[in-house]
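Taking it in order: structure first as structure tokens, then the write-up.
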Amino acid sequence: MKNIIYKKINKACRQAIDEGKFPPMDIPENFLVEIPKEEKHGDFSTNIAMILAPLLKKNPREVGKIIIDMLGQGDKEISKIELAGPGFINFFMEDAFWHSCLKDVIRQGDNYGRLALGRDKKVQVEFVSANPTGPLHIGHGRGAAVGDVVANILDWAGYDVTREYYINDAGEQMRTLGLSTLVRYKQLLGKEIELPEKCYQGDYIKNIAQEIIDKKGETLLTVSDEENLPFFTKYTADTILDIIKDDLKGFGVEFDTWYSENTLFEDPDGEKSPVEKVVDWMREKNFVYESEGALWLRAAAFGDDKDRVVRKGTGAYTYLASDIAYHKEKFERGFERIVNVWGADHHGYVSRLRSAIKAMKLPDEALDVILIQLVNLKKGDEMISMSTRSGQFLPLTDLIKDVGSDAARFFFLMRSSDAQFDFDVDLAKKQSSDNPVYYIQYAHARICSIFRQAEERMGEKPSPQTANLALLKLPEELRLIKKISEFTGLVERMAVRLEPHLVPHYLNEIASELHSYYKKHRVLGEDNAITNARLALLGGIRLTIKNSLKILGVSAPESM
RNA sequence: GCGCCUGUAGCUCAGCUGGAUAGAGCAACGGACUUCUAAUCCGUAGGCCAGAGGUUCGAAUCCUCUCAGGCGCACCA
């Protein structure tokens, strides 16, 4: 929408240069076209004159006048252009322009909001990626909601999106996990033995231990810990991963690929493992060096604070090593844009990973890392931080049970990712009736209800396609059309900036306008032509709400 | 010590790559159901945009410093 105005302005400037009103110059690209907050400032507004003024050494209003002269000739879509304030140029559009916008929305239907911006470029969104050491808690829920919706946004913007979960199933923590279950197993069978502090304390470990007892009985008591551990580890990890998959399913999140970190350390056919190959290659390229018995990445040369260990003196690889191999692989799989949704507690790794990518001569600008600030759980006056190891956390499934998947997703997505927030569970429960998500869903249901009513009265389905939209003249009606016309621009902006929290705010604005309009004006009236036009408007609103909710992964009920 | 995020109404938060008189929800207060769903609407009140400088036509937004909260700076995972 704004692009239309942007182009008109560009053309006007070129014309001014051709006619000698402006000296020959490149037209700056950084001027803005925006929708003014105040309606009296028009439908669109630009600051072009104030951008040009210093370049031309003229006063902004003078520049503005020249541009308006160039613009103002016989444009049927624009009713008025004015110069205002310090040098803004305000555009007032003809009603017919908005009517044709609405027609466009209706024509596009369920695809309204879809863009070709991404040109089918392959993009990967990696998110959640929680260690398979426990059920997901509400902190993971936030990451799941954000990642899923970012993926949706990119999909709507025209990218070819792959959702991936990176399973951290390698390393020391897996041993600890197996040990946790083993100890619980022994305890349940009457052994006096304490659970080490480093072990996972949650009850789910006990459940898994009980499962093993049910299947294998006491037989494993006679086996040594060393022999037992691999089985306990694998059994526990597999079981927990299944739990995680169920948790996510209940939250409406589905992944295309589950990528196991372990496979990066496996060496099929006696070949070297992917990690080893990458390390060899980096050694060849002199991106790494030996020192003090360890292997170091020259990270400092590529923007990190200092060099980082890739392989320890013990011969074991660090987390960074597998991460390098993993991300190299992402590029090799053909992704042109890579989005990682990480918890803020990992932010120390961003520059490390980025420097590794640069070292590998891969395009690090293709990588976006969204850091999700931590979620604290507020219960009364008590604040509990989400931590798997302490066993003190609110499982995501419990939250969903309490407030529902729709409300949970909506809550997580209302806030920008880089603001931490305290999830007040009591409030979320209590709010079930005046929760913002219901406000919006109700707007959708309300429109559906009107359509049902209309069908009953007219004895046939309303046909918005044939409505005479020129009958939509009320300020509220035009305002609503303008609001839903912003949707494509919103999707575009979110795809560029990866800011899903804009959707809930946008939806709230639409719902508010709709409810207000509903109260003030009747849709189903005596005049069939007006009724039809208003139904067309409502149809467009309903589409916009429905498609927005679809992006959020929140349901759009037809009645409530 | 260094780096990143945050600080906006009583509470939870929006505020776009600087734009015109700083917004919403909840809470508070006062109104509106004989009509398409009152899970709604209308109105009132609420602000030193943490603080101090700077940049310019113009700053909640950009820069510097200070304060406060969170997170990170491993041969941990």
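Throughout, protein chains are lettered first and strands after them, A, B, ... in sequence-line order, and every chain is numbered starting at 1.
The gap from the C1' atom of B/rC4 to that of B/rA20 amounts to 34 Å, rounded to the nearest Å. Here the separation of B/rG58 from B/rG18, taken at their C1' atoms, is 8 Å to the nearest Å. If you take atom C1' in B/rC13 and the same atom in B/rG72, they sit 25 Å apart, rounded to whole Å. Spacing of C1' atoms, B/rU8 relative to B/rG69, comes out at 16 Å, to the nearest Å. B/rA68 and B/rC26 have their P atoms separated by 35 Å, with the value rounded to a whole Å. The separation of B/rU44 from B/rU55, taken at their P atoms, amounts to 40 Å, rounded to a whole angstrom. Remark: the separation of the P atoms in B/rC11 and B/rG47 is 12 Å, to the nearest Å. To the nearest whole angstrom, the two C1' atoms, one in B/rG54 and one in B/rG43, are 43 Å apart.
Pair check for B/rA28 finds B/rU44; Watson-Crick or G-U wobble, both atom distances under 3.5 Å. Under the Watson-Crick or G-U wobble criterion, with both distances below 3.5 Å, B/rU64 is paired with B/rA52. In this entry B/rG18 has no Watson-Crick or G-U wobble partner, no candidate having both defining distances under 3.5 Å. For B/rG3, the paired base is B/rC71 (Watson-Crick or G-U wobble, both distances below 3.5 Å). Of all nucleotides present, none satisfies the Watson-Crick or G-U wobble test against B/rC36 with each distance under 3.5 Å.
Taking every side-chain heavy atom of A/R308 into account, B/rA74 is the closest of B/rC41, B/rG19, B/rA74. Ranking B/rA20, B/rC75, B/rC5 by closeness to the A/D418 side chain, first place goes to B/rC5. The nucleotide whose nearest atom lies closest to any side-chain atom of A/L524 is, among B/rC36, B/rC41, B/rA14, B/rC36. Side chain of A/F88, nearest nucleotide from B/rC73, B/rC36, B/rA20: B/rA20. The side chain of A/D305 sits closest to B/rC73 out of B/rC75, B/rC73, B/rA32. Among the nucleotides B/rC13, B/rC41, B/rC76, the one closest to the side chain of A/H505 is B/rC13. Taking every side-chain heavy atom of A/P86 into account, B/rG19 is the closest of B/rU21, B/rC75, B/rG19. Looking at the side chain of A/M50, the nearest of the listed nucleotides B/rA39, B/rC57, B/rC41 is B/rC57. With B/rA38, B/rA20, B/rC36 as the choices, the nucleotide that has an atom nearest any side-chain atom of A/R446 turns out to be B/rA38.
A/Y326 and A/E261 form no side-chain donor-acceptor contact under 3.5 Å, judged by distance and modelled atom types alone. For the residue pair A/H327 / A/N340, a side-chain donor-acceptor distance below 3.5 Å is found, with atom types taken as modelled. Neither side chain, A/E499 nor A/S416, offers a donor N or O lying under 3.5 Å from an acceptor on the other. A donor and an acceptor atom, one from each side chain of A/N168 and A/Q173, are nowhere located under 3.5 Å apart.
If you check distances only, the side chain of A/N47 never reaches the base of B/rA20 with a donor-acceptor pair under 3.5 Å. Not a single donor-acceptor pair, N or O on each side, falls under 3.5 Å between the base of B/rC13 and the side chain of A/R415. Checked by distance alone, A/H347 brings a side-chain donor or acceptor within 3.5 Å of a matching partner on the base of B/rG3.
Residue A/G171 is in sugar-phosphate contact alone, with no base atom involved, counting any heavy-atom pair closer than 4.0 Å across all strands shown. Within the 4.0 angstrom heavy-atom criterion, only backbone atoms of the sugar-phosphate kind lie near A/A170; the bases stay farther away. Within the nucleic acid shown, A/K520 has no heavy atom closer than 4.0 Å to any nucleic acid atom. As judged by a 4.0 angstrom heavy-atom cut-off over every strand, A/H444 is placed among residues making no nucleic acid contact. Residue contacts for A/Y518: at a heavy-atom cut-off of 4.0 Å it reaches a base atom on one of the strands shown. Among the protein residues, A/H41 comes within range of the nucleic acid bases, having at least one heavy atom under 4.0 Å from a base atom. Contact annotation for A/E292: base contact, defined as any heavy-atom pair under 4.0 Å involving a base atom. Within 4.0 Å (heavy atoms only), A/D169 reaches no atom of the nucleic acid at all. As judged by a 4.0 angstrom heavy-atom cut-off over every strand, A/A344 is placed among residues touching the sugar-phosphate backbone only. Backbone-only engagement by A/S516 is indicated by non-hydrogen atom pairs under 4.0 Å involving sugar-phosphate atoms exclusively. Contact annotation for A/S45: base contact, defined as any heavy-atom pair under 4.0 Å involving a base atom. Among the protein residues, A/M174 comes within range of no part of the nucleic acid, since none of its heavy atoms lies under 4.0 Å from any strand.
Position along RNA chain B of the nearest nucleotide to A/I450 versus A/L371 favours A/L371 as the more 5'-ward residue. Toward the 5' end of RNA chain B, the nearer of the two residues A/S417 and A/Y319, judged by each one's closest nucleotide, is A/S417.
Put simply, CD on A/E499 is 17 Å from P on B/rC13, counting in whole angstrom units. If you take CZ of A/F410 and P of B/rC26, they are 12 Å apart, rounded to a whole angstrom. A/R493 places its CZ atom 11 Å from the C1' atom of B/rA14, with the value rounded to the nearest Å. The nearest whole Å value for the distance from the CZ atom in A/R354 to the P atom in B/rG3 is 19 Å. Regarding A/R311, its CZ atom lies at a distance of 14 Å from the P atom of B/rC76, rounded to whole Å. Atom-to-atom, CG of A/D345 to P of B/rG3 comes out at 21 Å; the value is rounded to the nearest Å. B/rA14 atom P lies 17 Å from atom NZ of A/K37, rounded to whole Å. Protein atom CG of A/L320 is 11 Å distant from nucleotide atom P of B/rC75, rounded to whole Å.
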Q: Please step through side-chain contact (heavy atoms from CB on, under 4.5 Å) for the pair A/F127 and A/V150, ending with a clear verdict.
A: CA-CA 10 Å; A/F127 60 111; A/V150 163; over 6 Å; no
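In terms of phosphate contacts, A/H501 brings a side-chain nitrogen or oxygen within less than 4.0 Å of OP1 or OP2 of B/rG15. A close approach under 4.0 Å does not occur between any side-chain nitrogen or oxygen of A/K2 and OP1 or OP2 of B/rC16. Taking only side-chain nitrogens and oxygens, A/Y439 comes nearer than 4.0 Å to OP1 or OP2 of B/rC41. Dashed line: the shortest gap from a side-chain N or O of A/K40 to OP1 or OP2 of B/rA20 is not under 4.0 Å.
Interatomic distance, CG of A/L507 versus CG of A/L514, reported as 11.5 Å (0.5 Å rounding).
Note on A/R283 versus A/E276: no salt bridge recorded, every NZ/NE/NH1/NH2 to OD/OE distance being 4.0 Å or above.
Base orientation at B/rC48 is anti, since its O4'-C1' glycosidic dihedral falls outside 90° of 0.
Proximity of a side-chain donor or acceptor of A/Q201 to a complementary backbone N or O of A/C199 within less than 3.5 Å is detected. Side chain of A/T176 to backbone of A/E172: a donor-acceptor contact under 3.5 angstrom is found.
Ring orientation note: the planes of A/Y6 and A/F31 are close to parallel, at an angle under 30° on the 30°/60° scale.
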